[in-house]
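The structure appears below as structure tokens.
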Amino acid sequence: MKPDSFMSLFLQKLAEVVKQDPRYPYEAYEFVFQALHATQKQLGREPPTAAASEESAGKHHVSGRELCLGIRDLALLEFGMMARYVFRVWGIEQTGDFGNIVFNLIRHELMSKTNHDNLADFQNVYDLDQALAYQVKLDEAQ
């Protein structure tokens with residue numbers, strides 16, 4: 001399959017996810033994918049190719065808690081002081097919403113999970129208001 005046709009198929013499948021569960025916009029799903037890749041990279045679990053085998057998938061697995069922390073880090077990096085506002089616009093009020101997004105993607109075979117993963121892994125990982133409170137560090141202020 002050519003990369004363009006793969007991307008087109010992926011975008012269509014992602015649009016279908018949003019259509020079936022419109023609680024979260026397309027951008028929220030895309031952001032969770034970006035956060036997954038950033039988290040895998042930060043933890044040294046980045047898959048070597050997009051088509052990693054199932055047996056090697058466990059080496060690249062990220063837990064719900066790890067993904068929530070990666071989402072927080074990427075949101076602060078990408079959106080800074082606007083991170084909490086962006087999530088509110090996207091309908092994300094708690095870390096459990098990230099779990100809803102992930103499990104929607106799993107149901108549509110756009111993400112995978114292990115037998116140990118469940119929606120509860122995403123519940124109450126942190127308080128979004130506190131975790132996304134942007135603080136200027138002294139180094140940044142000078």
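FYI, the numbering just counts along the sequence from 1.
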- Message: Within the 4.5 Å heavy-atom criterion, are Phe87 and Phe31 side-chain neighbours or not?
- Response: yes
- If only atom types and distance count, is the side chain of Glu46 paired as donor or acceptor with the main-chain N or O of Gln40 below 3.5 Å? no
- Looking at CG of Leu128 and CG of Asp97, how far apart are the two atoms once the value is rounded to the nearest 0.5 Å? 8.0 Å
- Note on the structure: In this structure, NZ of Lys113 is separated from CG of Leu119 (nearest 0.5 Å) by 10.5 Å
- Message: Here's a test for you: under side-chain contact (heavy atoms from CB on, under 4.5 Å), which of Asp121, Leu67, Ile92 qualifies with Phe98?
- Response: Ile92
- Got Phe33 and Met111 here, is their nearest side-chain heavy-atom distance under 4.5 Å? yes
- Query: In Å and rounded to the nearest 0.5 Å, what is the OG1 to CG distance from Thr39 to Leu74?
  - Reply: 7.5 Å
- Message: Between Gln123 (side chain only) and Ala120 (backbone N and O only), is there a donor and an acceptor less than 3.5 Å apart?
- Response: no
- Query: For residues 69-84, which residue pairs qualify under side chain to side chain donor-acceptor pair (under 3.5 Å), counting only residues two or more places apart or in two chains?
  - Reply: Arg84-Glu93, Arg84-Asp129
- Item | Straight-line distance of Arg107 CZ to Asp21 CG, nearest 0.5 Å | 7.5 Å
- Message: Quick one, Phe79 with Tyr85, criterion side chain to side chain contact (heavy atoms under 4.5 Å, CB included). Give me CA distance, side-chain angles, the key distance, then yes/no.
- Response: CA-CA 9 Å; Phe79 306 127; Tyr85 174 76; over 6 Å; no
- Message: We want to know whether Gln34 and Glu30 form a side-chain donor-acceptor pair, criterion being a heavy-atom distance below 3.5 angstrom.
- Response: no
- Task: Using modelled atom types only, decide if a donor and an acceptor are shared between the side chain of Tyr126 and the backbone of Cys68 within a distance under 3.5 Å.
- Result: yes
- Message: I'd like to check the side-chain contact (heavy atoms from CB on, under 4.5 Å) partners of Val18; sequence neighbours left out, ordered by chain and number.
- Response: Tyr26, Tyr29
